[in-house]
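Just so we're on the same page: letters track the sequence lines, and every chain starts at 1.
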There are 2 protein chains.
Amino acid sequence: MRDYKQKICYCFDKIKALFSVLNNEELEFLSHHNACIQVKKNEIIYKEGERPTGLICLSEGKVKIYKEGFGGREQIVRLAKPVGFIGYRALFAEENYLASAMALENSVICIIEKDAFFEVLRKNSSLSLQIIKSLATELGFSNSRCVTLTQKHVRGRLAESLLVLVDTYGFEEDGMTISAYLSREDIASLSNMTNSNAIRTLRQFEQEQVVAIEGRKIKILNMAKLERISDLG
Amino acid sequence: MRDYKQKICYCFDKIKALFSVLNNEELEFLSHHNACIQVKKNEIIYKEGERPTGLICLSEGKVKIYKEGFGGREQIVRLAKPVGFIGYRALFAEENYLASAMALENSVICIIEKDAFFEVLRKNSSLSLQIIKSLATELGFSNSRCVTLTQKHVRGRLAESLLVLVDTYGFEEDGMTISAYLSREDIASLSNMTNSNAIRTLRQFEQEQVVAIEGRKIKILNMAKLERISDLG
DNA sequence: TAAAAATTTTGTTTTAAAACATAGTTATAT
DNA sequence: ATATAACTATGTTTTAAAACAAAATTTTTA
């Protein structure tokens with residue numbers, strides 16, 4: 001596990017949005033048990049097997065949550081965006097992490113101490129209900145994604161992944177460039193396919209004028225067609 | 001949705017075990033907002049797209065939770081055993097069902113009215129925490145299973161499914177016969193493969209003396225080897 | 001009990017995707 | 001500025017699993 005040194009925190013205000021159901025006193029309390037850390041691109045925030053020490057909030061940046069599969073083949077379970085939680089599953093299940101988290105770009109995270117957080121959680125049932133709802137929603141995503149990752153073909157999976165990227169990170173100002181610059185490797189891990197297939201299929205999409213590619217920059221030219229490819233499987 | 005008629009309930013005592021954190025008053029309250037229903041083998045309890053009306057508890061029997069995939073290909077998401085909840089994900093996410101539930105054998109379910117349950121939930125933070133924990137645990141399973149279903153080969157997937165069956169339903173008195181009699185079709189849906197492959201691979205396992213087959217009855221002859229096949233992928 | 005339906009079984013063919021190989025390109029560090 | 005490493009790209013071969021087909025068996029029902 002990374003060595004989390006306490007630093008002066010400039011970002012608690014940002015993550016407040018995640019705790020809209022708390023009152024000022026509770027917010028104040030959490031802010032005193034909070035540490036902020038800058039993580040560099042490609043830096044690992046936590047690793048599979050480690051023990052959670054607190055509730056991690058992503059304040060700025062982008063993070064991938066991924067699992068190591070067979071023969072070192074990686075699968076991206078989830079992409080996190082600010083402002084949002086990461087690593088909460090293991091915390092709530094009282095387990096060690098089952099996945100790892102890595103910054104996709106320079107990011108800022110806040111860590112709220114475990115005990116402090118649970119103290120608030122025990123008292124505030126609105127917060128509990130909110131967490132129950134979001135865990136249940138995520139479980140739904142996970143189940144659905146499992147079906148598509150196993151049943152869709154390469155084209156359908158890649159198309160879906162691009163849509164997931166758009167859903168998660170949105171577009172740049174031009175309204176067509178996906179606002180996330182993943183490596184082909186990461187696109188492959190997200191789509192559950194080999195590197196080669198991700199590259200090849202992306203190239204196909206370009207030839208079909210569904211996307212335009214410029215290095216890691218991907219522009220969606222024909223959203224409707226992309227959705228059709230995804231839906232077709 | 002099935003027409004849930006109120007019936008005299010003989011089974012609330014059984015499902016009480018699920019609510020160990022509630023006091024007698026709360027239990028009493030829930031028991032008055034509870035209906036018990038017998039469902040026959042192959043009967044559908046709820047379908048993808050329907051709206052949850054309450055918290056369903058499986059009191060007796062076995063139930064599969066499955067999703068319809070592409071080209072009607074079914075994937076079993078989870079197997080439920082008594083005593084346990086089913087259909088709670090959609091209820092907590094405040095969504096319609098994303099999966100369907102079908103009885104694998106004659107079963108008894110109890111349905112606790114939605115509003116009554118949430119009323120108790122809002123007041124009892126231990127119950128909330130318990131639910132948070134179990135949702136988080138299940139999310140972990142779901143993520144892990146997704147990796148194995150996509151990355152393991154047919155043999156590994158089938159071996160894992162047999163282990164899941166054992167984990168969930170255990171053995172008969174002989175200590176080797178899996179205490180669940182699924183169709184080959186269901187074994188295939190659980191292992192994310194075609195019918196033919198499930199049958200063929202099961203036959204292979206028999207030839208390798210890992211299992212013994214007698215119709216739907218499956219005996220595990222060599223657990224260690226089965227685990228090895230599963231771990232190898 | 002016979003007929004029909006559903007399920008299980010086995011063999012063959014086809015195909016999608018992985019594995020492999022190798023070259024070109026871009027980024028990083030010295 | 002040049003060397004090294006990391007990433008991207010593309011072609012070829014191999015392989016695992018799906019698709020297809022058709023028979024045998026079991027279960028259901030009329």
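Using a 4.0 Å cut-off on heavy atoms, the residues of residues 180-188 of chain B that approach DNA chain C are S183(B), R184(B), E185(B), listed by number. The stretch residues 200-221 of chain B touches DNA chain D through R200(B), each having a heavy atom under 4.0 angstrom from the strand.
We find that R145(B) and E160(B) are joined by a salt bridge, their nearest charged nitrogen and carboxylate oxygen being less than 4.0 Å apart. Ion pair E208(A)/R155(A) flagged as a salt bridge, since at least one NZ, NE, NH1 or NH2 atom sits closer than 4.0 Å to an Asp/Glu carboxylate oxygen. At a threshold of 4.0 Å, the pair E95(B)-R51(B) does not count as salt-bridged, since none of the basic side-chain nitrogens sits closer than that to a carboxylate oxygen.
For the pair R89(B)/L98(B), a side-chain contact is recorded, criterion being any heavy-atom separation below 4.5 Å from C-beta on. Side chains of D186(B) and S183(B) form a contact here, defined as non-hydrogen atoms less than 4.5 Å apart. Side-chain contact check for F85(B) versus I15(B): every heavy-atom pair is 4.5 Å or farther apart. Within the 4.5 Å cutoff, side-chain heavy atoms of F205(A) are placed close to those of L162(A). Under the 4.5 Å side-chain criterion, counting only non-hydrogen atoms from C-beta, I178(B) is not in contact with K219(B).
Put simply, CZ on R157(A) is 8 Å from C1' on dA17(C), counting in whole angstrom units. When rounded to the nearest whole Å, the span between CD of Q151(A) and C1' of dA17(D) equals 14 Å. Rounded to a whole Å, the NE2 atom of H153(A) is 9 Å from the P atom of dA18(D). The nearest whole Å value for the distance from the CD1 atom in I199(A) to the P atom in dA18(C) is 13 Å. Rounding to whole angstrom units, CG of residue N195(B) and C1' of dT10(C) are separated by 13 Å. Note: NZ (K41(B)) to C1' (dT7(C)) measures 12 Å, nearest angstrom. Counting to the nearest Å, the P atom of dA17(D) and the CG atom of L149(B) are 13 Å from each other. Between the NZ atom of K152(B) and the P atom of dA16(D) there is a distance of 17 Å, given to the nearest Å.
Nearest-nucleotide positions on DNA chain C for V154(A) and S196(A) put V154(A) closer to the 5' end.
Tested against E105(B) for a salt bridge (charged side-chain N to carboxylate O under 4.0 Å, His left out), the candidates K41(B), R216(B), K62(B) yield a single pass: K62(B).
Proximity note for M193(A) (side chain, C-beta onward) versus dA18(C), dT8(D), dA18(D): the nearest is dA18(C).
Residue T194(A) has a polar side-chain atom (N or O) positioned under 4.0 Å from OP1 or OP2 of dA18(C). For dA18(D), one of the phosphate oxygens OP1 or OP2 lies less than 4.0 angstrom from a side-chain nitrogen or oxygen of N197(B).
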